[in-house]
There are 2 protein chains.
Amino acid sequence: MSRIDRNYPEPQRSLHGKIYEILESNIINGVYKPGDCLSESKLSEELGVSRTPIREAFRQLEHEGLVVYKPNRGVVVRGFSEEDIQDIYKIRLMLEGMTARRATENITPEQLEELKETIELEEFYTNKNDVKQLARLDSHFHEIIYIASGSRFLIKTLRKFHHYLGKIRSISLSDPERAKKTLIEHKGIFESIQSKDREMAEILMEQHIRNATRYIEKKKDKAE
Amino acid sequence: MSRIDRNYPEPQRSLHGKIYEILESNIINGVYKPGDCLSESKLSEELGVSRTPIREAFRQLEHEGLVVYKPNRGVVVRGFSEEDIQDIYKIRLMLEGMTARRATENITPEQLEELKETIELEEFYTNKNDVKQLARLDSHFHEIIYIASGSRFLIKTLRKFHHYLGKIRSISLSDPERAKKTLIEHKGIFESIQSKDREMAEILMEQHIRNATRYIEKKKDKAE
DNA sequence: TTTTGTATTATTGTATACAAATATACATGC
DNA sequence: GCATGTATATTTGTATACAATAATACAAAA
């Protein structure tokens, strides 16, 4: 085996992990609707794998609460309701501020630099109106703060919540006004963290979540 | 088959569910230490089942973050550190108050009655110093409030946190002084909820968590 | 002695086989 | 027509078989 092969091994991910991601994404994005029954045999055929890794993915989705397990009948999709989405925003409002405060206390220079670069890229893509990149960078911005908080539970919980909101976030960021406002808010949070102002980081993060929530609410009201 | 057998069917739970509970409990209670490797084959032999349901249980534990998955090597136990426990209390401080407030808004008369009965039993067992029953009732008290909050995410998150702290809670409740204080605090929370005083329910619940945290901290300081 | 290559062993990853449970279709009786 | 019982088909639940990967032991060379 050559040296290059040893240095660049392929990811070598297990099948159940990939299948889990596919199914989770299909549930989050509404490909599978709440109430849909997922069949091991059918998915097994569709994806061209045996039932074993599919069952393993099911167990993860079940644990996550995205599907409900019916003994000897398989799993039915749960998905998210309007209320669930609002609920997530309410809980985030409680947790994101705390996370930003703790991140301010624990952040490393490298993470701070990464945060800065992320914001610079956000600025670039905001001007270009590249929604896909903006969504990616937004996730990255928050992800760094989650990790810097040093709390495995906050990381796990908020990462999931953020992931669940992926669709709605893209909608928000496709509005140039909201994208610009997001950038300004991110900059404020970054500067607070950089200057080690815990309180301000907490307050600005809470405002950021509140503004995101308000934007969605307003958008929804208009649509009705 | 007798009629009695038909009226009281066994739960008919799947194996992977039972195995998951066994393993989770072993991790939470420190039977498996952080760093321990869990082997499918060994557990399969020990428990007298095939590897399939064990793998399914592993996938749930993995998703929960209680074990870390190593491709082609199995899973290693993660468990909880001192910091993790403190961390859980910090996060609960943010979430339990909100949950109590929302429970006050949504609680049903039946749930209120159940809460009342739980506290009456708590009073009974506090006088008898029955720690096991007190731990069970404490969980039940909080569980009712979680459910009454109507938020599937709060239910899921806080239920887990509460479960993780089972061991430490039993230690607290085995101190008659702390048990009495817990009862008084629960009563206060119950009365706020009953009289639909959201703010007070939130404040008292936060105090309750804060007091529980302080007690643990003090206990730890003494031990050192 | 240390290192490295190789054979062996053990473990996981996936597929498949069979048992158990459930749903479905259809016939039978009312 | 409607309900009920039964046979069939389908699906899940579990066990097992085989393949792939990684760890281990050991021998050979530097």
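Both backbone and side-chain heavy atoms feed into the values below; hydrogens, waters and symmetry mates do not. All chains are named by letter (A, B, ...) in the order of the sequence lines, taking the proteins before the strands, and each is independently numbered beginning at 1. It should be emphasised that the depicted structure is a prediction, and the values quoted were computed from it without experimental measurement.
Not counting sequence neighbours, B/Glu114 has no partner by the salt bridge (Lys or Arg N to Asp or Glu O under 4.0 Å) test. A/Glu122 is linked by a salt bridge (Lys or Arg N to Asp or Glu O under 4.0 Å) to nothing, counting only residues two or more places apart in sequence or in another chain. Scanning for side chain to side chain contact (heavy atoms under 4.5 Å, CB included) contacts around A/Arg73 gives A/Lys70, with sequence neighbours left out. Applying the side chain to side chain contact (heavy atoms under 4.5 Å, CB included) rule to A/Ser174 yields the partners A/Val131; only residues at least two apart in sequence or on another chain are considered. Remark: A/Glu45 engages no residue in a salt bridge (Lys or Arg N to Asp or Glu O under 4.0 Å) (not counting sequence neighbours). With sequence neighbours excluded, the residues forming a salt bridge (Lys or Arg N to Asp or Glu O under 4.0 Å) with B/Glu82 are B/Lys220, listed by chain and number.
Taking atom NZ on A/Lys70 and atom P on C/dT22, their separation rounds to 13 Å, with Å as the unit. If you measure from atom OH of B/Tyr20 to atom P of D/dT14, you get 17 Å, rounded to the nearest angstrom. The CG-P distance, from B/Leu15 to D/dG13, rounds to 11 Å in whole Å. The CD1 atom of A/Ile54 sits 9 Å away from the P atom of C/dA15 (whole-angstrom rounding). Protein atom CG of B/Asn72 is 5 Å distant from nucleotide atom P of D/dA22, rounded to whole Å. With rounding to whole Å, A/Glu56 atom CD is found 14 Å from D/dT14 atom P.
Within residues 41-52 of chain B, the residues that have a heavy atom under 4.0 Å from DNA chain C are, in order of number, B/Ser41, B/Arg51. Only B/Leu38, B/Ser39, B/Glu40, listed by number, bring a heavy atom of residues 31-40 of chain B to less than 4.0 angstrom from any atom of DNA chain C.
Screening residues 140-163 of chain A for salt bridge (charged side-chain N to carboxylate O under 4.0 Å, His left out) gives A/Glu24-A/Lys160, A/Glu64-A/Lys160, A/Glu143-A/Arg159, A/Arg152-B/Asp84 as the qualifying pairs, with residues at least two apart or on separate chains.
Salt bridge B/Glu21/B/Lys18: absent, no basic N to carboxylate O contact under 4.0 Å. Using a cut-off of 4.0 Å between Lys/Arg side-chain N and Asp/Glu carboxylate O, B/Arg178 and B/Glu185 are scored as salt-bridged.
A sub-4.0 Å separation between OP1 or OP2 of D/dT11 and a side-chain N or O of A/Arg73 is absent.
Nucleic acid contact for A/Phe58: none, since no nucleic acid atom lies under 4.0 Å from a heavy atom of the residue.
Proximity note for A/Arg55 (side chain, C-beta onward) versus D/dT14, C/dA15, C/dA21: the nearest is D/dT14.
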